[in-house]
Protein chains: 2
Amino acid sequence: MKVLIVEDDPLHRSYLHEAVNAALPECDTVIEAENGTAGEKLARDHKSAHIVMDLQMASRNGIEAARTIWKERPETRILFWSNYSDEAYVRGVSRIVPDGAAYGYVLKSASDERLKLALRSIFIESQCVIDREVRGLQQKSLGQTNGFTDSEYEILVDIALGLTDRAIAKRRGLSLRSVQNRLQQLYDKLDVYQTAGDDHEDGRFNLRARAVTIAFLRKLLNYSALERAEAELQEWLDGK
Amino acid sequence: MKVLIVEDDPLHRSYLHEAVNAALPECDTVIEAENGTAGEKLARDHKSAHIVMDLQMASRNGIEAARTIWKERPETRILFWSNYSDEAYVRGVSRIVPDGAAYGYVLKSASDERLKLALRSIFIESQCVIDREVRGLQQKSLGQTNGFTDSEYEILVDIALGLTDRAIAKRRGLSLRSVQNRLQQLYDKLDVYQTAGDDHEDGRFNLRARAVTIAFLRKLLNYSALERAEAELQEWLDGK
DNA sequence: AAACAAGCTGCGGGTTTACGCAAGACGGCG
DNA sequence: CGCCGTCTTGCGTAAACCCGCAGCTTGTTT
């Protein structure tokens, strides 16, 4: 059995290496990559079936890498090992995991024991292991209550990118009014009004900008999500 | 000699601990804190004069902590040890360092050797040690060319928070038109137009939102800067 | 089939933004 | 002192944004 580790930080990488050795005696080879790009390449070359991967990496982040890896071989088992449980990450991962694939999401703050258990569960038993904290987010995020629909999230990303209503309409194939409808819906859910008007007339917020701010503060968006969205946007722009 | 380490990540913390021991034989005590709040408290209790600190921490980030520590005892020597050289961090640090204080900014990607050297330079020789990469940013950031004035940065933060022109005017004691002037200035510097109109009429951006996006992508803003700004805003709002 | 909820769309109007134009205000400089 | 560059402010306009109202198209429920 072979395990591929994809992780930026040398300290964390060697820690993972040890953890893998300790948890999986049946594993005879461990290979390492220090960024997403290298990770993809190694996964392809070695036909890796077992991967442990960080989400936040400079060159090409974990979600990007995982997507292309899973596209090539959907049965690959991936354990995401991340510092954060940003809703943006959780949503990003949920979007790309293939049907029936075994994967895991464990926080770096988890104990050695938990990490080892997760390694065995996923790689040996093919079971999904999602950190409790992440699980909670996932439920409320994908469930309708208090969560955001895909279309709501989509428009959130669009205004975060700085598109005008008109541009969004064109991009998503909607009328201007529909875009604005969705915006209102979004403003509602993000509670932009509460913080906005308050009592006085003066403390007003710019709804559109404020929505993005709140989304950021709530980690519904983060840098990596923005980066990804920006890349998609450019792609779309080039395709006229 | 006593050294205080303030760092989230246990692995990095113990690495730092070892590095300090190796680099500073004259150091007899090392104490550790795992977040900014605890760091402040320990610094106060122990009257720490030598601190190594991460910037990105969950509970209270390094900049916040450093500010209050320096406020109480400006001669404290602090070495910032960070993963990133976001312009937002660099600017944040430059703002709070007291006149003549010895401090350092070293990236986590630096070699053991560099870290040890920095430790000795700052704590023993009272010299400032700024990572080359960070230094570059600092120069161009604070120098006028291609850098952002304080007033430009200020208004960038304000729109990133989602304030309206009117609210900004009130907050900063300016007229509406002046606020809009500064916005235009900002749009210019951020090159919002280039990406905006391009050729066609359709691909238009919402300048205000786009400026924030670009600032984020360029790491002129980041989560921690936003968080800080939001806290200041709330404070201002409460003070009517 | 009728009833209903949910989403898309056009219309209209009130507000906010973006910005050109031009008139002061302030600080250096020859 | 007068000249000049930078910053501020008011006026005015065109565009973009926010949103209530109402008519339509769906898919779902009873």
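Reminder, nothing fancy here: chain letters follow the sequence lines and each chain counts from 1.
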Look at A/Arg177 and C/dC11 and indicate whether a side-chain polar atom (N or O) is within less than 4.0 Å of OP1 or OP2.
no
Looking at A/Tyr153, I'd like to know if the NZ or CZ of A/Arg91 sits under 6.0 Å from its six-membered ring centre while staying within 45 degrees of the ring's axis.
yes
So is B/Lys219 actually on top of B/Tyr89's ring, under 6.0 Å and inside 45° of the axis?
no
Minimum side-chain heavy-atom gap B/Thr213-B/Phe216 below 4.5 Å:
no
If the cut-off is 4.0 Å, is A/Gln180 near the phosphate of C/dC8, judged by side-chain N/O to OP1 or OP2?
no
On the nucleotide C/dT9, are OP1 or OP2 found under 4.0 Å from the side-chain N or O atoms that A/Ser175 carries?
yes
Quick one: label B/Arg182 by what it contacts on the DNA or RNA (base, sugar-phosphate, nothing), any heavy atom closer than 4.0 Å.
sugar-phosphate
Interatomic distance, B/Glu152 CD vs D/dT6 P [rounded to whole Å]:
13 Å
OP1 or OP2 of D/dA16 under 4.0 Å from side-chain N/O of A/Thr164
no
Measure OH/B/Tyr187 against C1'/C/dT17 and give the value in whole Å, please.
8 Å
Atom CD1 of A/Ile159 and atom P of D/dA16: how far apart are they, to the nearest Å?
17 Å
Nearest-nucleotide pick for B/Leu207, side chain only, options being D/dC19, D/dA16, C/dA18:
C/dA18
Base, sugar-phosphate or nothing for A/Leu183? Non-hydrogen atoms, less than 4.0 Å.
sugar-phosphate
Whichever of A/Leu176 and A/Gln185 has its nearest DNA chain C nucleotide further upstream toward 5':
A/Gln185
Could you state the CG-P distance from A/Leu186 to D/dC17, rounded to the nearest angstrom?
15 Å
Within the pair A/Tyr193 and D/dC18, is there a side-chain N or O less than 4.0 Å away from OP1 or OP2?
no
C/dT16, OP1 or OP2 - any side-chain N/O from A/Arg204 closer than 4.0 Å?
no
Do side-chain atoms of A/Thr164 reach the backbone of A/Ala167 as a donor and acceptor pair under 3.5 angstrom?
yes
In whole angstroms, the gap separating P of D/dC7 from CD1 of B/Ile155 amounts to 13 Å
Which of these nucleotides, D/dC19, C/dC8, D/dT8, is closest to any side-chain atom of B/Asn181?
D/dT8
What I want to find out is whether B/Glu230 reaches A/Arg210 closely enough, with some N-O distance under 4.0 Å, to be called a salt bridge.
yes
Separation of C/dA18 P from B/Leu190 CG (nearest whole Å)
13 Å
Taking CD from B/Gln184 and C1' from C/dT16, how many angstroms apart are they, rounded to a whole number?
15 Å
Using a 4.0 Å heavy-atom cut-off, does B/Asn206 contact any base of the nucleic acid, only the sugar-phosphate backbone, or nothing at all?
sugar-phosphate
By nearest-heavy-atom nucleotide on DNA chain D, the more 5' of A/Ala209 and B/Leu174 is B/Leu174
